[in-house]
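Notes to accompany the following structure.
Quantities reported herein were computed from a predicted structural model and do not represent experimental measurements.
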Amino acid sequence: MRYWFPYPLLSFALMLFWLLINQSLSPAQILLGAALGISHAWLMVNLRPAKTSMKKAWLIGRLIGRVAADVVRSNISVMGIILRSRNRPVTSGFVPIDITLQDENALALLACILTATPGTAWLEFDSQTRVLLLHVLDVENGSAWAELIKTRYEAPLKELFE
Amino acid sequence: MSHLTDLPLWAAIPVCLLLLSGSMITLIGSIGLIRLKNFYKRLHAPTLGASAGVILICLASMLCFAVLQSRWIFHEVLIIVFIILTTPVTLMLLGQSALYRDRIEGTDGVPLKAKPISPKADETDI
Amino acid sequence: MELVLSAGIGVLTASGVWLLFRPRTYQVIIGLSLLSYAVNLFIFGMGRLRVNAPPVLEPGGVGGLLTHTDPIPQALVLTAIVIGFAMTALFLVVLLASRGFTGTDHVDGRE
Amino acid sequence: MLLILTLAPFAGSLAAIVFPSDKSTAAAWFSGVVALLCLLLVAGLYPFVASGGVLRYELRWLPELGLNITLRMDGFAWMFAGVITAIGLLVVVYARYYMSASDPVPRFFSLFLAFMGAMLGIVLSGNIIQLAIFWELTSIVSFLLIGYWHHNAHARDGARMALTVTGTGGLCMFVGLMLIGHIVGSYDLDAVLSSGNVIREHPLYTTVLILILLGALTKSAQFPFHFWLPHAMSAPTPVSAYLHSATLVKAGVFLLIRLWPVMAGTDAWFWIVGCAGLTTLLLGAYFAIFQQDLKGLLAYSTISHLGLITVLLSLGSPLAAVAAIFHTLNHATFKASLFMAAGIIDHETGTRDMRRLSGLFRHMPITATLAMVASAAMAGVPLLNGFLSKEMFFAEAIETHKYNILDTITPYVATLASMFAVTYSLRFIHSVFFGPPPHDLPKIPHEPPHWMRAPIEFLVLACLVVGVIPTLTIGPFLHTAVQSVLGDATPVYSLAVWHGWNLPLAMSLVALIGGVILFLLMKTYLATSVEGPPFFRRLEGQRIFERVLVTLSWKWARWLERTASSRRLQPQMRILVFIAFAAGAIPLFLQGFKPAAIALRSVDPAFALLWFIGMICAVGAAYQAKFHRLAALVLLGGAGLVTCITFVWLSAPDLAVTQLLVEIVTTVLILLGLRWLPKRIEDSNDPELMDFSVRMRRLRDLALALACGVGMMLVSYTVMTRNVPDTISSYFLERAYSEGGGTNVVNVILVDFRGFDTFGEIAVLCIVALTVFSLLLRFRPAAESLEKPEQQRIQNAFDDDHPDRKKGDSIAEYLLVPSVIMRWMFPVIGMLTAFLFFRGHDLPGGGFAAGIAMSIAFILQYMAGGTRWVEERLRIHPLRWMSIGLLVAMATGLGSFFFGYPFLTSHAQYASLPILGKIPLATAILFDLGVFSLVLGATVLILIALAHQSVRSPRAQIKAARAAAKETV
Amino acid sequence: MTELFIIWSILASQIILGLAMGCALFRMVKGPRAQDRILGLDALYINGMLLLLTFGIRTANTIYFESALIIALLGFVSSIAFSKFLMRGEVIE
Amino acid sequence: MNWANNLIILPILLPMATAAALIPIDDRNRTLKGVLSFASTVVLFVATVILIGVVSSGEAAGTSVYMLGNWPAPFGIVLVLDRLSALMLALSAVLGLAAQVYAMARWHTAGSHFHSLFQLLLAGLNGAFLTGDLFNLFVFFEMMLAASYGLLLHGSGPMRVKAGLHYIAVNLAASSLFLIGVSLIYGATGTLNMADLAVRITTLGPESRMLMEAGAALLGIAFLVKAGMWPLGFWLPTAYSAATPPVAAIFAILTKVGVYVIMRLSLLLFGNEAGTSAGFGQDLLLYGGLFTIAFGAIGVLASQAMGRLASYSILVSSGTLLAAVGLGNGAVIGGALFYLVSSTLTTCAFFLLIELVERGRDAGADVLAVTMEAYGDIDEDEPEKEIGVAVPGTMAVLGLCFCACAVLMSGLPPLSGFLAKFAILHELFNESGFGGNMPITAAQWIYVALLILSGLAAMIAMNRIGIRTFWTSIEGTIPRVFLIEITPVLLLLAATVFLSLQAGPAMRYMDATARALANPSNYTDPVLSAPRAGPTEGG
Ligand code: NA
Ligand code: NA
């Protein structure tokens, strides 16, 4: 079973992708999507990506909600910063954060989250020291960034993947 | 093929609001590209468009076509997903490259990782 | 529409042609690329401009130039894009080889 | 018979070349037999010709153009054929002994026979174009014969000069003959000969005359083209004996006589031919006196005698023509024998310098006697053949033909030249055979083998016999020849030796006595003088010719080539663009092109804004391309994006999709290339910028570029605002679904209506990929690009410096998170590819877009993991994919053969399957699959081949280092 | 009324997005560093994609969606190539 | 659809199939590739001979039409086989055979995928000759050019790459013109089919007409660049003399493609029936052609190396042909076609010969050095140390071949070079038949003079270079030559001899071709009225 369906989640996602992109739920498209999803998963086997299993998949919903809220919030604040930047230049800075997350897929997800929320930019991750260098647009406003990220995102991700 | 004028007012208002707000946010983000003073600050600017801008405009599109074509398949979701997946890659790589170049040149205010070997510091713009 | 596009074609052509006259191989390849945009748009324009009249039929339908834009220039542009891409690749590699052999990026292989 | 006669020498020539070089005697025998056979053939044809008949043989060759192989023998041709074959036979005999065994003798005989054949071809031609053919053949073969001893620089120069002069003349003559054909309406000699009046009265007569005379006068070495002949003396003597007595130079005379009935008699003819002839007659004789080389003397004498014949022909009187024909024969006889004699002297003594030779009479009395008789004939001593024709010449010279100065001076010049002839003849005899015994010669002189002398004996005998009893010997033959040339105009003439005391005889006496006196006066001077005549020594025709030739054909040509062309790219581009601009603009300008009125109301502000951006990108890219390559590339990407959006805006989603994908690949590609282009540093005080001329050049370029831009803008605007013509696309729009089986008309056009374009287009991609691949196999980066890029060196050094890091950590860290996403994108892009592929036929997409998209998926993996990483994991066979793609596309097209349809006929159908419903099944999809496979293979191959250079470069570096080490050792 | 309203607001948002593209262009032209230009190009791509989406709404036609999808899915590839070139001096090692 | 009709597409498909099949074969099996490729070219040659037979047998008025995808003429793409295209097909097959055999001796080892590129070049050439559609012509032009880029660069090395850069840059610019021209014509007339265009031209309105003419002019410039017209052909001598010998040999026909298209289009579109467009561009062709002859002749004289000499002689022949077209004299076309065949065979033979002759000399050593250096870069099998076999007669044979080339190039008798010039002059002087006594115009006089002078220039230059090579060379260095290297040269020269001997039939063919070209309806009628294949006909 594992041989034939090496990445079932991926295959499912790909099938979903297929159905979405084709805007169709016809049996033909479902079949075709499934076939393509499965065969593309085989392609992926060759690349040998790190295997990840989601432990508590339901947590993902909570995470998405939290991220969505943050996106809205940070969008507004960044807009403010940009519009006010001429009168009141913002103090931005680099924030190093220790990351204990091990799974690389989880790290990738974290990167996506941090990028999607304006105001924080993932710059560099030292694989030895496991320090993430973050650039934060408004350091004054959030000196507790490191803490925030660790609790708000890293922890749930850890829970999700490890 | 349906026509845009078929859109009822109750749908038109949210579509327009979504569109206008999405594009406004994108514009503000892009203005940030102009107004923010250094590269690292500017790195944040496009994410406005890549997050809120994309999401709002895609929502507008979804709503519009859902009403027009009476369907519930939102392939615009794909755009949101892919933008959110791919923008970090670009920005991460770009930010790191900038960091590297600034360190090499010894630009002020850039945190050093550990002192790299002293470079032949004529590396300017390409 | 026509005015804007033709002005665009004009500017692309002028920039591309100007670069063709330059001495550096890289300038020439950028020039050729700009020129190929101009040419592609020009070909495209030869079918006249139409907004929202893509040459895609309803299943079982019959199209006409009243409801659809002219598909031929589009087909021609597609071919031209492909060939243009191939030629850019080729020219690039040749200019690299020339740079390697002659030690200069001058189009004549010497300063 | 005539065909055999013409072909035999050529066949013999081909056969002779295969003789091994050590079988020279056999080759000689063989050639002799061929020559004899020809002679016998000619002799056998006499009865027919003598009765006034004209023998004709015609073989169809190019009848449409009036060119057939026409062989025609009348009396005149017979006479010439006889001379050619007879003297040819004698020369073969002579050459058998003359040629040294160390020479490639078979080649000599082969060329000799070929030459004989060509000469026979000239005289037997019944078609003037065919005559020109053989004419040029004699030039070519004589070139090879003169240059036979090509290790000798003189021989080479002489040969080249002979060919250049006679070949040029021949080409002019060819045009002249073609014009005759134009006038007469036929190239047939008979037709030409019967159209004398038409030709002489035609407005083109003078042109024709000059062209033909250029041919004839160059060939017969007439002034001012005489100079090549003495230099042709570097040929082996048998060649000289043949070419300069009976054949090559006589071809010119032959032509003059042949066309005499047609062309002669006009003032133009008289002036041109007469001037050339008289000058040649006199100058040749004068020059001959002062030669120190035996063969040189004979050569100038030949020139002079040919001048004599030419003068005779110029006069336009039938009697003069008779004299000319007669003298042609006589000259051939004595000159051949004299050349052979000179050759014997050269052969036996090792020198031809008259200053070194003397008193040879005691060593070779027989040869000396023979030479003396022949010289006497040359000098025009009575009882020898030369005397007879010279008398006829004098008689004609004193006649009045045209009342002009040329006619008046003719007798004086004739006498003077004749006097000179006596002088040089005497000199030849005296300085060689008499005087003190020779000393210090390269060889001890003695009589040559008997058979070597035999040809001379025969010829001298002929001189004597003809000179004594002309009517009984040469009379009938001459008459036949004369009759065939002059026809009804044949005058009454007498070949008697004694005509009584008359003015010609007096002139002969004056010449004889004067010649002797002149010789006695000059004897001492000549014995030691340098080569060449006084007064004219500086004015050597050869030197002038060489100088002119070098100036014209080398110096000026090189200067012109440099001036009229450019090997640099920029001027070529400027010219091309300028001409293209002019070519496009002129038809419009001439027909009063008015660009459509500019209408601002239809401008969509968003679209205008878009193009405002596009234009800035274009100009910016142009501005930055020199010093900021990356910036230029970024801006180019901007322009590309604007183009894509425009396509979407203007109802071309297919184009937008394809252009976008191509855009991405191109950017990656150029970036891959940028690694090998070391950066260019802007020098703010670049002297170039200051230079005024540079600035002007830029201004000019800018003006041209702007002109092109404005032109494109006006034309495109005009076309776009015009009404649509009745275009063929309606057909496609109507049938795309019903007959093409797809709703996306563009794609149906691509894979069906105009699938052949696509087929060709993928082949182009395939070719380019192969080219790029094979060129990169041999890629050598520039020296400064050999090393790894600076960034990598610094980062690697950093890794090396820190004990907790290992090499490559920097890049691994850099890509740690991004590579995860990039990797997961691989199957996603794969799905997109499938999507683009399947829906292409109905909606935007298609095999091409799918192929490019898939290649992006691959390249993304390369970027994420590096070359080695990918190639350890994925098996990529782009070449195979390309091959399969092309074959699949072709096989799909060929499939229609089985149903009796032409290539690429597609079969479309919507099949209804259970569960799946209606799905499209067009064979075009299979074709698209081929396109996909090829595009994927080609794009991947191009990108990977370029990417591989980075992996390869360390090896190249090692090699370069090794080579450098080798050099220093 | 609805018609005018929706058409004008779409037009407005298109112009706004066009202006946003203009801002991105400013960075591409101005620099000052290569990374700024690349950032500008990336923003230009995203803004352009949004413009395509609005265009889809304006014409009520989903046929232009693929172009936007391709930018969303593959547009980042050239930006990655650029960044990697800056960082490592070559795109593929 | 009978098989003979399907044969029309064979010259395109066969080389492509061969090329495709050869691509995945490893380059270590070059000989296998060469043999397969050669076999394919032999079949191609046989097919073209059959095609010549088909068109000259008078069936179907000498014009056969092949509808690709079974779409009728103005809409789909059609291949049109007439006497002219059949002639060009056969010519390119002959050249292909010769170059290929020659290459198999050693040159195909100088780089990879030689045979595939070569076959694709043939396919491109044949497509360009056959197609009856302007845009399809562009595609095949690009195919041919792309393959020519690849082949020019075959063997790599600084000279070739430098020359290749210029060649490609100029031709890319020209291709842009091609596209602009084609699309402008489409925009003005709404068609791409040549026959349809010829018909539509007669009824165009003034504005459409001027736009169409501007498009045609741009198109013409693109072709003239390929044909090497002065001053658009400066790239040619450098490129051709840098190419490897077999490549240069096949390139001998590339310029002729430009000439072919010019001839085809100007006679088809701007014939007497074209209304006010009749004779469009003829003067440009005439004077451009004359300048090209002059420039080519000057270049021939100024050349120190044989390669450049040969390249310039290509310009001469281009100029001769262009001027012949520009004369607007239908009859001259017949002679010009004869000249085209003869001069193409000659230059091909000469290009092949050059390297053999120079092999014993220093120049040859240079070439070899470049090759060796190129090999140094990659780990591949070294080339054979022994190049060919030294046979004593070799020098004589080479000399003979050289003489033949010289005679052919300078238009001296008795070979076809002379007959070609004779044919041109004859038809020039006797435009309205023999003895018609039409006055000869100044341009015609200049043409005649240039024709003769260019021959003279070739004679002087070949003489100079030949003497230097064969007569003053240091004795004892007999070049080593493979039999399969000299054989193609000999065969090509034999072909010119054959052409001379069979001048009558050959000239009849050419004249028939010229007559057919002079009357565009010979082309347009069959193309526009060709029936589609129906299911009843097929199996
Ligand atoms: Na962020
Ligand atoms: Na003496």
**Asked** Any side-chain heavy atom of Phe125(A) within less than 4.5 Å of one from Tyr814(D)?
**Response** no

**Asked** Is any side-chain heavy atom of His40(A) less than 4.5 Å from a side-chain heavy atom of Met831(D)?
**Response** yes

**Asked** Should Leu107(A) and Val820(D) be marked as a side-chain contact (heavy atoms from CB on, under 4.5 Å) after you check the CA-CA gap, both sets of side-chain angles, and the distance that decides it?
**Response** CA-CA 9 Å; Leu107(A) 274 173; Val820(D) 174; over 6 Å; no

**Asked** What heavy-atom pair brings Ala111(A) and Val817(D) nearest, and what distance separates the two atoms?
**Response** CB-CG1, 3.6 Å

**Prompt:** Just wondering, do Trp824(D) and Asn105(A) contact through their side chains at under 4.5 Å, heavy atoms?
**Reply:** yes

**Prompt:** Any side-chain heavy atom of Pro827(D) sitting closer than 4.5 Å to one from Leu14(A)?
**Reply:** yes

**Asked** How long is the gap from CD1 on Ile829(D) to CG on Leu43(A), to the nearest 0.5 Å?
**Response** 12.0 Å

**Asked** Take atom CZ in Arg130(A); do more than 12 heavy atoms of anything else shown fall under 6.0 Å from it?
**Response** yes

**Request:** Would you check if Glu813(D) and Asp126(A) make a side-chain contact, meaning some heavy-atom pair closer than 4.5 Å?
**Result:** yes

**Request:** Give a yes or no on whether Phe612(D) atom CZ has more than 12 heavy-atom contacts from other residues, nucleotides or ligands under 6.0 Å away.
**Result:** no

**Message:** Less than 4.5 Å to any heavy atom of chain D: does that hold for the side chain of Leu10(A), its backbone, both, or neither?
**Reply:** side chain

**Asked** Rounded to the nearest 0.5 Å, what separation is found between the CD atom of Glu104(A) and the CZ atom of Arg823(D)?
**Response** 6.0 Å

**Request:** Find the one option among Val828(D), Val870(D), Leu816(D) whose heavy-atom pairs under 4.5 Å with chain A are most numerous.
**Result:** Val828(D)

**Asked** Is atom CG of Leu83(A) surrounded by more than 12 heavy atoms (other residues, nucleotides or ligands) closer than 6.0 Å?
**Response** yes

**Message:** For Phe12(A), I'd like to know if atom CZ has over 12 heavy atoms of other residues, nucleotides or ligands within 6.0 Å.
**Reply:** no

**Message:** Nearest 0.5 Å, please: how far is CG in Leu32(A) from CZ in Phe835(D)?
**Reply:** 12.0 Å

